[in-house]
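Written out below as C-alpha cells is the structure these notes cover.
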Amino acid sequence: MENLNQPQPVAKAARTAPEKKSFSIGALIDRFLAVISSVPFGIILLVILLTLAMIGMLIQQQELDTFATYFASLTPAERAIYGRLGFFDVYHAGYFNFLLLLLSLNIILASIDYFPKAWKNMRRKKLTASPGFTQTLRIKHDPIELPQFSREALAERAKEAAKALQYKVKVTDKDNRTTIFAERGAWNRMGAYAVHVSLLTVFAGGMLTSLKSHQGGMWVQTGKTDDKMMRNVFNLDQVGQQALELPFTVEGLDIRQTLVDKTKFIDSGNTLDWFTKVKITDKQTNKTEEALIHMNKPYDYRGYRMFQASTQEMGGARNVKLRVTPEGGGAAQEIEIPLNGDAQLADGTKVHYIEFVPDFVLTPQGQVDSSSGQYNNPSAHLELTKPTGEKSRVWTFGEQFQKQVDNDPALKSRLMPPNGPKFVLLDFEKASQAHMLSIQYDPGANWFYLGSAMLCASLFGVFFFSHQRLWIVCEDGKVYMGGDANRNRLGFEDRIKRIAARIQGVTPTENEA
Amino acid sequence: MSQAVKSINATTPQLDLRRPAILNYLPALLPILGAILMVLARRQMGAGNFIDDGSLIVIALLCFITAAAMHLTDLYAPMQGLQKAGLWIASLGFFFNLSSWLVRWVNMGDREGWRRMTDHDGVYHTWWFFSYVPFANLYDLSLAFAFGAALTMLLIEHRPNTRFVGALSLPLICLVLILAIFIGSEINHLQPVLDSYWRPIHVGVASLSYGIALVSFAIAVMFLIKDGVKAEAMGIFTSLFTLINLVVFSKAFSFSTLSFSLNPGVPGAGEGGATVFVRHLRAPLPGVGPFVAISALLLLIVVACFTVYVLKQNDAMRRWGHWALRGSIVAQIVGLGVLFYQIKSIRGLSVPFASVAPQQLLELGKQAVGRMQAGTMSVEQLVGVANQVLQDNNGKMVFDVKSNPVELAALITSLVLSLVIVLFSLQPERLRAGLPSLEKLDSLIYKTVGAAFAGIAILLVTGAIWANESWGKYWGWDPKETGALVAWLAYAAYLHTRIAHGWSGRRSAYFALLGFLLVIFTYLGVSYLLPGMHSYAE
C-alpha cells in the first residue's frame, strides 16, 4: 500500500545499516530473519509455488482416473524424471508442503515487520497544515479564491462539505489559518493484515487436513450393514485399497432415485437426485439415528461427514407392485412391497421382497444372473412364509416372460415352488442397486471455513474501500486542498471536486453517500 | 512511474456535479432493469411467442461489434456524439446479452417443468428457481463472462474521460461471444452434482471476476501503448500466440500434410435430434489447410522482421513485417471464408477406414464402447469397433461450427489480434494522445486488478465450500481450481510487487496481462485440454 511520508520499516533499516564484519550467530540469525521476512522473498516463494502448481496441472496427477493411461503413454525417461522429482503427486510432495510452510512463516514475519508502520499511519493525524503542504500532496486542488468570505465562513462550508461526503472531520485553528483534517476508512490500513491472518487460518486448516484427515467410500445397499470405509492408496499407476474401521455402523434403509423421465434408464443423464437413507448405530453408546443423504446434502456424525458420491448403474427397484392370484384360483390381489420389506396376502402368507434382477437370465450352470444393467427382463425375488411357518422362494416376472416360464415346466420348477400363489410383476420404482457414500473425517475443514469467511470479508474491505485523507486549509478568502488515498484515487478526485463545488456554493443534487 | 502530484480543478470537471450521480451509471443500470422486464415478458408470452436466447446473443454480438468500432474510431478521431453513441450501443449489447442469459434461465426451467423446485417429499420451494440458473456449461459461463466484462466496462465508463476502456474491452467481449455461439446454445441435462445453490454463487463470482480481469487486461494494453510500447512489439506476441496455438494446442492443423481437419458429426443421432460429434475422428476440409499454412508462414516472417526492428530499429524490417502481417490477414480471411463455406456445404461425408490414423481408430473404438469396457478389449477388437462406427456412419456425417468451438474461435481471435496490431500501428501518436494519462491508466489497472483479485479469492473459497458439500474435500488440486489459484497468485504477486518495490506502470501492466492470460487458460485451456472435475476434455 502506498503511504504518505512513511517511515522505513525497522527490518529494512536494519538491513541497510552498515554491518559489522563478524560472523556471530546473532548476526547470522538477524540476516536470516531479514531475508525470510522480506516481501521479495515472499514473491519468490509465490512464483515458485505458482510454477509447481502449473506443473501439477500439466503433468497428470496419480489420483486422476485417467492417470494409468497417461502414465503408460510416457517414455521411461519421462517416468523416471517426473517420478524422481515427485511431479506425479506434486501437491503432496514434501518440498511443496515445506514451501507452503515457508510462505506462512514469511507472511507472519513480514506482517510483524510492517505492522508498526501501518499502525502509525492509521493512528497519526496531522491536524494542522499549510497551503504549501497541501500543494505537495499527491492529489491537490487548485486554490479556490472567494474574497467575499471570511476564514470562519469558508471553514464552516468546508467542514460541512466534508461531512456531507462522510468524512470524519477535525478542525484546528492556528496561525490565522483553519485546517480541516478530513479522513475516512482509516481501518483500511489494517485490511492487509486481516487478509494475511485469514490466509494463515486457511493454511492451518489445510495443514490439519493433510495431517489428520482420512477419507473413503462405502457401498450402501438396502438391508445391508457395514462399519468400514475403503480408502484408495495410490502408488503411481497402481491403486490399492485399504479398509478403515469406523466408530459406527451404517445400515442401508432405503435407496431412491428421482428421474427426469421415469420410462428411461437410471443413468446420471436422466437423474435429478439420488437419496440414501441409512441408520447409524454408535459402537460406543449403541445409540441410533437415521440420516437422509443426497446430492449436495451431506450428513455429519461425530466429526465424520457422509456424502452421496456415486451409484452403481445396475437397474434396481425400490419397491415392486405385484398381482397375486391365490393357489386355488379366485380373485387376484395387488400388493406393493418395498425392498427388504413385507406384505401379507389374504390367506395370511407373508411375502418378503429379497432382491431385484433387471435383465433376468439363467446361466448354463443354472445360476440366476443379469445379462445387463438395463431393465430388459425385470424380475423380483420373493420369500413366502405360510401361516404354518413353511418357507419357499419364488422369482416373479412381467406378464410376457411369466407366460414363457409357465409354458416351460423345467424352467418353472427351477424358479418357483410347485404349489403356491401365482405372481405377476406389474410395476416397480426404478433405483440403483447400490449407492456409494463418501465418508470424510476432516478436523481441518472448520478452520478452513473460518479462514475463508475471514478472507472474503477482509478482501472485500481492502479492495472496495480506501483510506482517504484530505487537508483543507482556509484563510480569509482562500481555500487550499490536497490529500491522498491508498486506493481508488479516481473516486477520491471526484470527492475533492464535489467538496470544492460545495465550498464554492454549488450544491450537487445527488446522494453523495 | 513517478509519484507526480496531480492537480485537479473544477473548471474542467469529469462529471457534471449538478447531475445526480446515479445518472452517470444509467448505461450500466438500465440494461439490468430492461433485462428483468424482458424475462418477465418471456414468462408471460411463453417460448413459442418470444425471441429465443440464441438469437438474442447474436443481436448482443452485433451491438458490441458496432460499439467497439465506435470506441476505436473515437480514440483516433474523438467526437462527443460518437463517444456517447458507442457507450449506449455497448449498453444495448449488455441488455441483449443479459436478456439472453435470463431468457435461457426460464427456458431451462420450462424444459424440465421446474421439477427441481419440488423436494423429495413433494414440497414446493419458491426460491429453488436458482436450480435453473444458466451456469450448466461453458456456453452459459461464456455469456456471463461477456456480460460481466460489459458491466465492468460500463461502470468504469461512467466518467467521460474513461470511455476509452471499451475500445479494447469490447473486441475481447465479442470474441467471448463468438466462442459462445460456436459452442452452441443447446440446453443439456444438469448433472445432479451441479444442482446446488453454490453453483450460481460460485460460477456467478467466476464470471464477474473473469469479466473484471478482461477489462484490466484491456486497460493494461492501453497503458503499454500510452507508455510507448510499439505496436510491432505487441505484434511479435500476438503472432507467437497464433503460432503456438497452431503448433502446440490445436489438433486441427497438421504441418506435415498441410491439412485442416475437424471432428465430423452425425446429425439427428443425439437427444432431440441433436448432432453427435465423433470425437477422436478428424476429417480434413478441402482447401483450408494451405491458407492456414500460408498465414502461419507469414506470421513467422512477422515475428522475425518485428523482432529485428524492435532490437535494431531497422525500419526496412518494420515495413517488411507489416507487409507480411497484412498478407497473413488476407490469408486468414480467405482461409476462414473457405472454412465456413466447406462447413456449410459438405454433407453426407464418408471417412474411409484407410484414411484414419491408427491412434485415432483406437480412441474412436474406446469412445464407442466406453472406457470401462475398452480396458477389457484388445487393440484389434477396438480397431474393429472403430471400423464398424465408420461404416455405420458412412455417408451420414457433416461438419459443424459446434464440433470444435475453441479451435475455430482461436482462428478468429488470431485474425482480430492481427487486425488490432495493424490498427495500433497506424498513427500511434494520435492513438496515444487519445488515451488518458499514465497515472490514471495505472490507477485503473490497480483498481480492476484489486477487484479481480478479491473476486477470484471469493471464487476459490466458494468453490472450495461447494466441493466440500459435493465431493467431500474442499481442495483437491483439480486443474481448474489450481488454474484459478495460479491466476490469483499472479495477481497477488502484482499487488505485492507494488508494496515491496513500488512497482507500478509498465511492470505492473505486464503482471495484469499475465493474470488475464492465466484466467483465460483456466477458463478454456483447463476445460478443454486437461482432465479433471471441471473438464470437457475427452
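Since the structure is predicted, the reported quantities are computational estimates derived from the model, not experimental observations. Naming: A, B, ... by sequence-line order, numbering from 1 per chain.
With sequence neighbours excluded, no residue forms a side-chain hydrogen bond (donor to acceptor under 3.5 Å, both in side chains) with A:Gln61.
Contacts of B:Leu518 with chain A are made by side-chain atoms alone, with heavy-atom separations under 4.5 Å and no backbone atom involved. With a 4.5 angstrom heavy-atom cutoff, A:Ser438 touches chain B only via side-chain atoms. With a 4.5 Å cut-off on non-hydrogen atoms, A:Leu272 touches chain B through its backbone and its side chain both. With a 4.5 Å cut-off on non-hydrogen atoms, A:Ile144 does not touch chain B at all. For a residue to count as touching a neighbouring chain, one of its non-hydrogen atoms must lie under 4.5 Å from one of that chain's; by this rule A:Ala445 touches chain B with backbone and side chain alike. The part of A:Phe464 that comes within reach of chain B is its side chain, from C-beta onward, which places non-hydrogen atoms under 4.5 angstrom from that chain. If you measure heavy-atom distances from A:Leu199 to chain B, the contacts under 4.5 Å come from the side chain alone.
Smallest separation of non-hydrogen atoms from B:Ala454 and A:Phe463: CB-CD1, 4.2 Å.
When side chains are defined from C-beta on, A:Asn488 does not count as touching B:Tyr446, because their heavy atoms never get closer than 4.5 Å.
Between the B:Arg115 side chain and the A:Val260 main chain, a donor and an acceptor come within less than 3.5 Å of each other.
Using modelled atom types, one finds no donor on one side chain facing an acceptor on the other under 3.5 Å when comparing B:Tyr474 with A:Ser452. Between the side chains of B:Tyr197 and A:Asn296, no donor-acceptor pair is found at a separation under 3.5 Å.
Between A:Asp494 and B:Arg159, at least one side-chain N (NZ, or NE/NH1/NH2) sits under 4.0 Å from a carboxylate O, which counts as a salt bridge.
Of the inter-residue distances, the one linking A:Arg489 atom CZ with B:Glu439 atom CD reads 7.0 Å to the nearest 0.5 angstrom. Remark: A:Met295 CE to B:Ser196 OG distance equals 10.0 Å, nearest 0.5 Å.
Residues of residues 47-55 of chain A that come within less than 4.5 angstrom of chain B, heavy atom to heavy atom, are A:Leu50, A:Ala53, A:Met54 in numerical order.
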